[in-house]
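Written below as structure tokens is the structure these notes are about.
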Amino acid sequence: MRVDFNVPLDKQYNITDDTRMQQALPTIKHVLNRGGAVVLMSHLGRPLAKLNEDGTVNVEKFTLDHLTKPLAEMLGTRVSFCPETVGETASKMAAALRPGEVLLLENTRFQKEEEKGDVEFAKKLAALGDIYVNDAFGTAHRAHASTTVMAQFFPKENRTFGFLMESEIENAGKVLNNPQRPFTAITGGAKVSDKIVLLERFLDLVDNIIIGGGMAYTFFKAQGGQIGNSLVEADKLDMALDLLRKAEAKGVKIYLPVDSVVADKFDAAANFKTTPSNEIPDGWMGLDIGEQAIGSFQKVIMDSKTIIWNGPMGVFEMPNFANGTKSITLAVAKATKGGAFSLVGGGDSVAAVNQMGLSDQVSFVSTGGGAMLEMLEGKELPGIKAITA
Ligand code: AMP
């Protein structure tokens, strides 16, 4: 079973947020409860991008063994750890598993073959089990050995999605296929360049696009506004104008934040005040949307029947600049209560919703940032195709 156990760890290697592990539990337990044994594969971090000085893998930092004990506690069963991903020990340990037992393999990304999608490596992984289950939606957009390539070594009836991945696909389907209207996309976060494909795609899907966060200032700058020291991508000004023009031609309404909470430095303790977003004085930078913007965004959200949200409205990690993101989260929760379908996808908006304890008040919180974005962008994900093909 390929899971996404790519959890954040602190300096002592304690898990600081075990959401991803919790979310894989139903699928693991399902197999165990039905008399199966589970061999678990996952990556953790990017060990090959952060090698030791002598070129070796930093095992101490990136070993999945940090997760063995917490996982055993979560599952209430024995979990053994295999210090290799494939090889003689892995084969022996997998073969020795009894019903109800779990084996956690070492980080798949310790092997360069993983990210290359190496067929021989995938074949060795496949030999460790009888059935291939993919529950790692977060990596479904990567054609890696454990996420995609190994599926081909199982007959169609012996490869399947886990519950998490199945529900991600189902919920993405709810917004992509015949969504109820009005349909509103809320986008934010730091960079326009990361979101441009998504924004273009939204033009063909939605009725309204709300743009907040740091990316909004590129739009204000492109329209001739004064944005002080706010985030801007100077080489994306034409792209921003082009997007606004296309939106108008397609009848999609774009909402930018009319006002901003601006700060005199990028710091939690900075001085701050509210100004129009296109009249930000030199030396000040927009770090959150202002009250007027919140009001107008809330109105659009409350009138919507389908809502997708990707990217925070401001620097929500700093309490003084979290109000916009918080207010929008509350509005999405309220609209959901009133019958709208809401999907929150993409790393930081998920973190924001979780930080506010409101994840159970939206319809669906996606675990797969990049994978969900690619799905919304209309791409076919290799990890999904490998199961269904
Ligand atoms: P992204 O990964 O592109 O969704 O960006 C998320 C990050 O954007 C978060 O860490 C926010 O703190 C940051 N962010 C949001 N709004 C702003 C802003 N106005 N200025 C600078 N950073 C921002």
Side-chain angles (χ1 to χ4, degrees), residues 6 8 16-17 138 141 185-199 202 209-222 225-234 236 239-240 243 255-294 297 308-329 332 343-356 365-374 376-377:
N6 186 26
T16 54
D17 179 354
H141 57 317
I186 310 167
T187 60
K191 287 183 169 174
V192 187
S193 48
D194 289 346
K195 309 277 161 84
I196 195 74
V197 183
L198 189 68
L199 286 169
F202 282 156
I209 303 179
I210 290 174
I211 300 178
M215 64 191 268
Y217 301 102
T218 295
F219 288 87
F220 285 112
K221 176 86 179 168
Q226 303 287 316
I227 59 161
N229 299 358
S230 305
L231 270 189
V232 65
E233 286 171 273
K236 298 289 178 296
M239 212 154 82
L243 194 99
Y255 294 86
L256 288 161
V258 283
D259 57 348
S260 291
V261 178
V262 301
D264 59 357
K265 53 180 180 237
F266 189 83
D267 192 299
N271 295 309
F272 61 92
K273 60 184 180 182
T274 301
T275 69
S277 298
N278 56 2
E279 291 173 26
I280 300 177
D282 284 344
W284 294 78
M285 60 185 86
L287 294 186
D288 196 9
I289 58 173
E291 285 296 338
Q292 275 192 57
I294 291 173
F297 290 1
I308 300 184
W309 183 11
N310 172 269
M313 295 290 103
V315 185
F316 71 98
E317 299 92 336
M318 301 180 188
N320 284 343
F321 311 110
N323 187 43
T325 304
K326 199 171 183 171
S327 308
I328 295 312
T329 313
V332 174
L343 184 149
V344 184
D348 270 317
S349 30
V350 172
V353 173
N354 286 337
Q355 182 181 307
M356 280 146 212
V365 179
S366 172
T367 52
M372 181 52 84
L373 288 189
E374 289 200 15
L376 296 176
E377 283 166 7

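Counting starts at 1 for both ligands and their atoms, following the listed order. Keep in mind that the numbers below use all heavy atoms, side chains included, and drop hydrogens, waters and symmetry copies.
Of all protein heavy atoms, the one lying nearest to atom 19 (N) of ligand 1 is G286 O, 2.9 Å. Scanning the protein heavy atoms around atom 4 (O) of ligand 1, the nearest turns out to be K195 NZ, 3.2 Å. The protein heavy-atom contact nearest to atom 10 (O) of ligand 1 is E317 OE2, 2.5 Å. For atom 16 (N) of ligand 1, the closest non-hydrogen atom of the protein is G214 N, 3.1 Å. In this structure, atom 23 (C) of ligand 1 lies nearest to the protein heavy atom V315 CG2, 3.5 Å.
Applying the 4.0 Å criterion to heavy atoms of L287 picks out, from ligand 1, the atoms 19 (N), 20 (N). For ligand 1 and G189, the ligand atoms under 4.0 Å from any heavy atom of the residue are 1 (P), 3 (O), 4 (O), 5 (O), 6 (C), 8 (O). For ligand 1, the atoms lying closer than 4.0 Å to a non-hydrogen atom of G213 are 16 (N), 19 (N).
Residue F266 has no nitrogen or oxygen atom sitting less than 3.5 Å from a nitrogen or oxygen atom of ligand 1, judged on distance alone. Looking at ligand 1, you won't find any N or O of Y217 less than 3.5 Å from one of its N or O atoms. Considering backbone and side-chain atoms alike, A190 places an N or O below 3.5 Å from some N or O of ligand 1. Geometrically, ligand 1 and D288 share no nitrogen or oxygen pair separated by less than 3.5 Å. Taking only nitrogen or oxygen atoms, main chain and side chain alike, L231 does not reach within less than 3.5 Å of ligand 1.
At least one donor-acceptor pair under 3.5 Å links the side chain of D288 to the backbone N or O of N323. Of the possible donor and acceptor atoms, none in the side chain of S349 sits under 3.5 Å from a partner among the backbone N and O of V344. A donor-acceptor pair is defined here as one N or O able to donate and one able to accept, closer than 3.5 Å; no such pair exists between the side chain of D264 and the backbone of A270. Side chain of T325 to backbone of M313: a donor-acceptor contact under 3.5 angstrom is found. Distance alone, capped at 3.5 Å, places no donor-acceptor pair between the K221 side chain and the A234 backbone. With hydrogens and angles ignored, the 3.5 Å screen pairs a side-chain donor or acceptor of T187 with a backbone N or O of I210.
In this structure, the side chains of K273 and V262 come closer than 4.5 Å at one or more pairs of heavy atoms. By the 4.5 Å heavy-atom criterion applied to side chains, Y217 and M285 are not counted as neighbours. Between T275 and W284, the closest side-chain pair of non-hydrogen atoms is not below 4.5 Å. Here the side chains of L243 and F219 are in contact, with some heavy-atom distance below 4.5 Å.
Between I227 and F220 the shortest heavy-atom distance is CG2-CB, 3.7 Å.
Residue M215 places every heavy atom at 4.0 Å or more from ligand 1. Within the 4.0 Å heavy-atom shell around ligand 1 one does not find F321.
For atom 14 (N) of ligand 1, the choice among S193, S230, G314 with the nearest heavy atom turns out to be G314.
Counting heavy atoms closer than 4.0 Å to ligand 1, residue D348 contributes side-chain atoms (C-beta onward) but none from N, CA, C or O.
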